[in-house]
Amino acid sequence: MNLVDGAKREVEAVVQAAWARLLADGLYPADAELSGTVEIPRESSHGDYASTHAMVMAKVLKTAPMPIAQAIVDNIALEGTYVKSVSIAGAGFINFTLSDSWYTDVLEAVEKMGDSYGSSDIGAGKKVMVEFVSANPTGPMTIGNARGGVLGDTLASVLDRAGYDVWREFYINDTGNQVELFGKSIDARYMEICLGKGNYPFPEDGYHGEDIIDLAKLIYDVEGDSLKDLPEEERVEKCIAFGLPRNIALMKEHLERYRIHFDEWFPESSLYESGEVQKTVELLEKIGLMYEKDGAKWLKNTELGADKDEVLLRGSGFYTYYASDIAYHINKRERGFDIIIDVWGADHHGHSIRMGKTMEADALGESKCKIDFLIMQMVRLVRDGETVKVSKRTGKALTLNDLLDEISVDACRFFFNAKPDSHIEFDLGLAVRQDRENPVYYVQYAHARICTLLKALEGEGYKVPELIDIDVSLLASEAELDLIKQISLLPEEIKMAARDYDPSRINKYVVELAARFHKFYDSCTIRGEEESLLLARLKLADTTRAVIKNCLELLGITAPDRM
């Protein structure tokens, strides 16, 4: 129930109806089609909505705007609408003030819809896949993965609230050169245990992390030195078979800790096992979109509008990541999704543009499926103004799990859910502060503050009333009306967040909601007031609590009863 949008449409409708009367009376040319906009003014003193129609039509008709504004106002019929009064201001703005019935309906919408307040059906049940994180399983998840995880997960939640049928997917890159190097790195560390450090060559581009050493030790604990005499290729295969499942299980464990759950973990290797990668490349070759150069087979991606061609099959006979990525996107849309959203890091920006052009090729099948890419910018962690790159606990490169040992999941999820196309400077010191400067604390404190108030008043015999039992007209101060207006905006914010793939709008919305509540609470006495006013304000406070909780759940953040 989007009452902001509903009231805006009503204002537009009454202005249009007034203009129709003016044309019928012959005051203006019959072909003078009304133009203008209806917006929410920045200053509440300018009304709840403002129309620019008089000023726009003054330019069209080459006359002064004030007489037009006055003529429109004189012919406006407000009966049966949310509008209480109309006035003219400035150079011809027509300002509209909402009636008590609108404020009542906002509170009623929250009361009726409860946890689903803010939801809509604009998605019309369309199937959407959000693929995110998809970290390489050859090592621990990074801070970049931490940001991508929150953005993807919260975007999926926003789309779900907007009426889409949402599917969360993790693409496991469990094959290719990096996995082979992963296996060789573990094997080299294993052989060092068997033969002594420095007695076995380590791969030039190998993985040097402690996690590789730990995996090698685990293999040795299980197998002893029984593998050292096997051919290297066989040992490497065993290292991969041992290491990958453990790393993937660890990823799942850490993401569960981060409150992220996927509907499917899709292995890249399945695309090779099913023959989908081979079929994709053969199809592209059959229709003439491939050529050979330097022993490799290339996709003519520039013919499809990309900035460069891509190798799909190396001279060694191995398919590239780009080849499997095409096959994966074909697989995605063949599963019946209407929209596919890939949440990728800034380093994938060029790849996303080229992949988008590739997937527009007619040869890859006609589909109404839309493929979108959400590219997120980098994260810089700081403490006391200094860049942080290592864990305080381990002294090694900071991973997602290290960060969650230091900062709460709530703070991580809130701070990382910043506007996707903006770089983040994540202040670790701010994230643990318990004051109004820390936005997640500020919002959670508002929720806890209301819960404490409700408990105290319940002890005095006051329970939160039903809306039908209060007089909404008593909520007449600027702080009270501004709070209800902010409550009313949630459906619009969810709609816009879904449209723009920008879940950070919910962060901004709920911080402003908390700010307006604190202003209301500090300026409007509740305890000790006359009962009718006390109950009205109690209802408003509880309504605010419900909406804050709703937003925090949408963000995957807890809503504490006390702090």
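Nothing here was measured: the structure is a model prediction, and the numbers come from that model.
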Engineer: Can you sort out the partners of N331 under side-chain contact (heavy atoms from CB on, under 4.5 Å), two or more places apart, ordered by chain and number?
Structural biologist: F266, L271, E276, R335
Engineer: Under the ring pair (Phe, Tyr, Trp, His ring centres under 6.0 Å) test, which residues partner H208, sequence neighbours left out?
Structural biologist: F202
Engineer: Working to the nearest 0.5 angstrom, can you tell me the gap between L107 CG and T104 OG1?
Structural biologist: 6.5 Å
Engineer: What's the separation between atom OG in S408 and atom CG in D405, rounded to the nearest 0.5 Å?
Structural biologist: 12.5 Å
Engineer: Does a side-chain heavy-atom distance below 4.5 Å link Y441 with R436?
Structural biologist: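 Y441 does not reach R436 side chain to side chain.
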Engineer: Hey, does Y117 have a side-chain heavy atom less than 4.5 Å from the side chain of I487?
Structural biologist: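 Touching, per the 4.5 Å side-chain cut-off.
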Engineer: Taking the side chain from T558 and the backbone from P560, do they hold a donor-acceptor pair closer than 3.5 Å?
Structural biologist: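 The answer is no, because no donor-acceptor pair under 3.5 Å joins these two groups.
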Engineer: For P137, does its backbone N or O pair with a side-chain atom of N247 as donor and acceptor, under 3.5 Å?
Structural biologist: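 Yes; judged by distance alone, with no hydrogens or angles, the pair exists.
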Engineer: Please assess Y49 against E12 for the test side-chain hydrogen bond (donor to acceptor under 3.5 Å, both in side chains), listing each intermediate value before the final yes or no.
Structural biologist: CA-CA 10 Å; Y49 291 91; E12 178 70 36; over 6 Å; no
Engineer: Would you sort out whether Y442 and H518 count as a ring-ring contact (aromatic ring centres under 6.0 Å, His included), showing the intermediate values?
Structural biologist: CA-CA 10 Å; Y442 185 64; H518 289 307; 4.8 Å; yes
Engineer: Checking the side chain of R413 only, and the main-chain atoms of V150 only, is there a donor and an acceptor separated by less than 3.5 Å?
Structural biologist: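 Not at all, since once roles are kept as given, no pair shorter than 3.5 Å links the two residues.
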Engineer: Do I143 and L400 make a side-chain contact, defined as non-hydrogen atoms from C-beta onward lying under 4.5 Å apart?
Structural biologist: no
Engineer: Thinking salt bridges, do E131 and K332 make one under a 4.0 Å N-O criterion?
Structural biologist: yes
Engineer: Between D502 and K419, is the closest basic N to carboxylate O distance under 4.0 Å?
Structural biologist: yes
Engineer: Measuring from T544:OG1 to Q486:CD, what's the distance to the nearest 0.5 Å?
Structural biologist: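 Nearest 0.5 Å value for the OG1-CD distance: 10.0 Å.
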Engineer: A418: which residues meet the side-chain contact (heavy atoms from CB on, under 4.5 Å) condition with it, sequence neighbours left out?
Structural biologist: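 A418: side-chain contact (heavy atoms from CB on, under 4.5 Å) contacts with R147, I424.
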Engineer: Show your reasoning for whether side-chain hydrogen bond (donor to acceptor under 3.5 Å, both in side chains) applies to N507 and N417.
Structural biologist: CA-CA 7 Å; N507 291 46; N417 192 49; 2.6 Å; yes
Engineer: Set out, in order, the CA-CA distance, both residues' side-chain angles and the distance that settles side-chain contact (heavy atoms from CB on, under 4.5 Å) for S523 and S477, then state yes or no.
Structural biologist: CA-CA 9 Å; S523 62; S477 72; 5.7 Å; no
Engineer: List the steps, then state whether salt bridge (charged side-chain N to carboxylate O under 4.0 Å, His left out) holds for K495 with E492.
Structural biologist: CA-CA 5 Å; K495 181 181 80 172; E492 182 71 10; 3.2 Å; yes
Engineer: Would V547 and Y509 count as a side-chain contact (heavy atoms from CB on, under 4.5 Å) here? Give the steps.
Structural biologist: CA-CA 11 Å; V547 178; Y509 168 83; 3.6 Å; yes
Engineer: Take N401 and T399 through the test side-chain hydrogen bond (donor to acceptor under 3.5 Å, both in side chains) and record every step on the way to the result.
Structural biologist: CA-CA 5 Å; N401 206 45; T399 67; 5.9 Å; no
Engineer: Salt-bridged, R449 to D522, with N to O below 4.0 Å?
Structural biologist: yes
Engineer: Go through the steps for T37 and S51 under the test side-chain contact (heavy atoms from CB on, under 4.5 Å), then give the verdict.
Structural biologist: CA-CA 6 Å; T37 59; S51 156; over 6 Å; no
Engineer: Report yes or no: does D342 contribute a side-chain atom to a donor-acceptor pair with the main-chain N or O of W344 at less than 3.5 Å?
Structural biologist: no
Engineer: Are the side chains of K84 and F96 in contact, using a 4.5 Å heavy-atom criterion?
Structural biologist: no
Engineer: Cation-pi check for F337 against K127: NZ or CZ below 6.0 Å from the six-membered ring centre and within 45 degrees of the axis, yes or no?
Structural biologist: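 Positive - K127 is close enough to the ring of F337 and near enough to its axis.
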Engineer: Does a salt bridge link K539 with E111, judged by any charged N lying under 4.0 Å from a carboxylate O?
Structural biologist: yes
Engineer: Any idea how F426 and F416 line up, ring-wise: parallel (<30°), tilted (30 to 60°), or perpendicular (>60°)?
Structural biologist: perpendicular
Engineer: Donor-acceptor pair, Q178 side chain versus T138 backbone, under 3.5 Å?
Structural biologist: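 No.
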Engineer: Test of understanding: with side chain to side chain donor-acceptor pair (under 3.5 Å), list the residues that count as partners of E512, not counting sequence neighbours.
Structural biologist: R516
Engineer: Go through the steps for Y258 and D153 under the test side-chain hydrogen bond (donor to acceptor under 3.5 Å, both in side chains), then give the verdict.
Structural biologist: CA-CA 10 Å; Y258 204 29; D153 191 47; over 6 Å; no
Engineer: Determine whether the side chains of T97 and D48 contain a donor N or O and an acceptor N or O closer than 3.5 Å.
Structural biologist: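 No donor-acceptor contact under 3.5 Å links the two side chains.
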Engineer: Are the side chains of F414 and V510 in contact, using a 4.5 Å heavy-atom criterion?
Structural biologist: yes
Engineer: Less than 4.0 Å between a side-chain N and a carboxylate O, is that true for D542 and R537?
Structural biologist: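 A salt bridge is absent here (no side-chain N lies under 4.0 Å from a carboxylate O).
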Engineer: I need the single residue from W167, F132, Y171 that forms a ring pair (Phe, Tyr, Trp, His ring centres under 6.0 Å) with F262. Which is it?
Structural biologist: F132
Engineer: List the residues meeting side chain to side chain donor-acceptor pair (under 3.5 Å) with N145, not counting sequence neighbours, and say none if there are none.
Structural biologist: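 For N145, the residues satisfying side chain to side chain donor-acceptor pair (under 3.5 Å) (neighbours in sequence not counted) are T142.
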Engineer: Output yes when a side-chain donor or acceptor of H46 lies under 3.5 Å from a complementary backbone atom of R42, and no otherwise.
Structural biologist: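 Not at all, since once roles are kept as given, no pair shorter than 3.5 Å links the two residues.
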Engineer: Which residues pass the side-chain contact (heavy atoms from CB on, under 4.5 Å) test with E79, not counting sequence neighbours?
Structural biologist: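 Scan of E79 (side-chain contact (heavy atoms from CB on, under 4.5 Å), adjacent residues dropped) gives none.
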Engineer: Salt-bridged, D221 to K217, with N to O below 4.0 Å?
Structural biologist: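 Salt bridge between D221 and K217, a charged N being under 4.0 Å from a carboxylate O: no.
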Engineer: Does some side-chain heavy atom of K463 sit less than 4.5 Å from a side-chain heavy atom of L538?
Structural biologist: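 No, too far: nothing below the 4.5 Å cut-off.
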Engineer: I'd like to know if the side chain of W265 reaches the main chain of K252, judged simply by a donor and an acceptor atom lying under 3.5 Å from each other, with no hydrogens or angles considered.
Structural biologist: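 Checking the backbone N and O of K252 against the side chain of W265, no donor-acceptor pair under 3.5 Å is found.
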Engineer: Carefully, step by step, assess Y82 and D105 under the rule side-chain contact (heavy atoms from CB on, under 4.5 Å).
Structural biologist: CA-CA 10 Å; Y82 282 129; D105 284 357; 2.6 Å; yes
Engineer: Nearest 0.5 angstrom please: S157 OG to R161 CZ, how far?
Structural biologist: 7.5 Å
Engineer: Hey, are the side chains of T387 and L381 touching, using non-hydrogen atoms and a 4.5 Å cut-off?
Structural biologist: no
Engineer: About how many Å separate OG of S269 and CD1 of I172, when rounded to the nearest 0.5 Å?
Structural biologist: 7.5 Å
Engineer: Can you find a heavy atom in the side chain of C451 that is under 4.5 Å from one in the side chain of R545?
Structural biologist: yes
